[in-house]
**Student:** 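Handing you a structure now.
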2 protein chains.
Amino acid sequence: MIRNPSEQLEAYLDGQGLKSTRQRDEILRIFLDAGHHVSADELYRLARKSMPGIGYATVYRTLRLFTEAGIAHERHFDDGLTRYEPHAKDTHHDHLICLRCGTIIEFENEQIEKLQSDVARRHRFAVQNHKLELYGLCESCQPKKRKS
Amino acid sequence: MIRNPSEQLEAYLDGQGLKSTRQRDEILRIFLDAGHHVSADELYRLARKSMPGIGYATVYRTLRLFTEAGIAHERHFDDGLTRYEPHAKDTHHDHLICLRCGTIIEFENEQIEKLQSDVARRHRFAVQNHKLELYGLCESCQPKKRKS
DNA sequence: TTACTATTGAGAATGGATATCAATATCATG
DNA sequence: CATGATATTGATATCCATTCTCAATAGTAA
């Protein structure tokens, strides 16, 4: 099983008869460096630093490619932008999203997952994927409590 | 406390110095009749039956109005469309969404809600609202099991 | 009625994402 | 290494949902 994202990309390109390009390698590097939850636009800006001539379309196409290759995951939060995160860690996780500063915190909860399966089973529903998002204010965006 | 949606709308309009119009009343009626999870486009088509001259913008504006008035709830599912549902029943609920036929099943689960609060508290996060969606295949869209 | 102002409808504009297409880069092969 | 077949790129046009603009119209209080 291939673990390294670069190798994973190469393997996918090979298998599909696609070509390895400077843009794809570079965008992958930047994507992985960037940390999580980048939008296409953010990635485009970052990519232009090392590749001034890069086009918008290429970034979009490449992100789709990463998704198909299993390297990235598409996320749709309520702000309407599509964001991408590396699919490195295999475990499913959910998100806490701060409505003020935009910080995104990841979490996992085994019990919730289990209860979800129960609900699905009860409705004879075959779940393929799910999404749990808690919107609100992160600690540093909350109005401070004053000491009485 | 006002319960009836029409009254609720009138009260809101009054309070904001807004006007009651045929379009708003009619769209509300259609919206409530339509059942749940209508997109603006669906509602537009429905509205044109009784009001052939209605404009797209009016439907959008009116749905936004309903949302502000607390009569409707905006939902963003992964298909990219914004859908609206009546806010009549006050209880929060989550969704099972069939990826094939688009059916949306609602459910509530007290235990999951509780676990969510726990997670939030642990991260010192003040949740304002949340979203739980399970995507997959509903019973009738699943490949039939053959009897062995 | 009148007069004030909110609302409407048509169409333009927006913004994120995708499609088009000629020029270019990749790569297996000779 | 040169070549040819073809995948990829970048610029731009296009798409689609949604919002904005603005002149005409409708609601409402007086």
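Keep in mind that this is a model prediction, so the values were computed, not measured.
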**Student:** Under 3.5 Å, is there a donor on one side chain and an acceptor on the other for A:His130 and A:Gln116?
**Tutor:**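 Yes - a donor-acceptor pair under 3.5 Å links their side chains.
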**Student:** Would you grab the first and last nucleotide of DNA chain C (5' to 3') that comes under 4.0 Å of any non-hydrogen atom in chain A?
**Tutor:**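 Contact boundaries, 5' end first: C:dG16 to C:dC27.
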**Student:** Sort and list the pairs that fulfil salt bridge (charged side-chain N to carboxylate O under 4.0 Å, His left out) and have at least one residue in residues 18-39 of chain A, not counting sequence neighbours.
**Tutor:**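 Non-adjacent pairs meeting salt bridge (charged side-chain N to carboxylate O under 4.0 Å, His left out): A:Glu26-A:Arg29, A:Arg29-A:Asp33.
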**Student:** Would you jot down, in residue-number order, the residues of residues 46-68 of chain A having a non-hydrogen atom under 4.0 Å from DNA chain D?
**Tutor:**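 Heavy-atom cutoff 4.0 Å gives A:Gly53, A:Ile54, A:Gly55, A:Ala57, A:Thr58, A:Arg61.
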**Student:** Taking a hydrophobic cluster as the set of Ile, Leu, Val, Met, Phe, Trp and Tyr residues connected by side-chain heavy atoms closer than 4.5 Å, whether directly or through intermediates, do B:Tyr135 and B:Leu132 fall within one such cluster?
**Tutor:**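 Unlinked, B:Tyr135 and B:Leu132 end up in two clusters.
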**Student:** Taking only heavy atoms on the protein side, list every residue of residues 12-27 of chain B lying under 4.0 Å from any atom of DNA chain D, sorted numerically.
**Tutor:**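 Within this stretch, B:Lys19, B:Ser20 sit under 4.0 Å of the strand.
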**Student:** Starting at OH of B:Tyr84 and ending at P of D:dA17, how long is that distance when rounded to a whole Å?
**Tutor:**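 Between P of D:dA17 and OH of B:Tyr84: 13 Å.
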**Student:** Quick one: B:Leu9 CG to D:dG27 P, roughly how many Å, whole number?
**Tutor:**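 B:Leu9 atom CG is separated from D:dG27 atom P by 14 Å.
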**Student:** NA contact type, A:Thr82, heavy-atom cut-off 4.0 Å: base, sugar-phosphate, or nothing?
**Tutor:**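 The residue A:Thr82 makes sugar-phosphate contact but no base contact.
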**Student:** Picking from B:His93, B:His92, B:Glu113, what satisfies side-chain contact (heavy atoms from CB on, under 4.5 Å) with B:Glu108?
**Tutor:**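 Of B:His93, B:His92, B:Glu113, side-chain contact (heavy atoms from CB on, under 4.5 Å) with B:Glu108 is met by B:His93 alone.
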**Student:** Considering only residues two or more places apart or on different chains, which pairs with a residue in residues 59-78 of chain A satisfy salt bridge (charged side-chain N to carboxylate O under 4.0 Å, His left out)?
**Tutor:**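 Salt bridge (charged side-chain N to carboxylate O under 4.0 Å, His left out) check on residues 59-78 of chain A returns A:Arg75-A:Glu85, A:Asp78-B:Lys131.
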**Student:** Using the rule that two of Ile, Leu, Val, Met, Phe, Trp, Tyr join whenever any of their side-chain heavy atoms come within less than 4.5 Å, decide whether B:Phe107 and B:Leu115 are in one cluster.
**Tutor:**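 Linked within one cluster.
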**Student:** Could you tell me whether the side chain of A:Leu65 reaches within less than 4.5 Å of the side chain of A:Ile71, counting heavy atoms only?
**Tutor:**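 No. Closest side-chain heavy atoms not under 4.5 Å.
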**Student:** Are the side chains of B:Phe77 and B:Glu133 in touch, meaning some heavy atoms are under 4.5 Å apart?
**Tutor:**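 The answer is yes, as the side chains (C-beta and beyond) meet within the 4.5 Å cut-off.
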**Student:** Specify the separation, in whole Å, of atom CZ of B:Phe77 and atom P of D:dA17.
**Tutor:**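 About 17 Å, once rounded to whole Å.
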**Student:** Can you sort out the partners of B:His95 under side chain to side chain donor-acceptor pair (under 3.5 Å), two or more places apart, ordered by chain and number?
**Tutor:**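 Side chain to side chain donor-acceptor pair (under 3.5 Å) check on B:His95 returns B:His37.
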**Student:** Once you round to the nearest 0.5 Å, how far does CG of B:Leu99 lie from SG of B:Cys138?
**Tutor:**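 The CG atom of B:Leu99 sits 10.0 Å away from the SG atom of B:Cys138.
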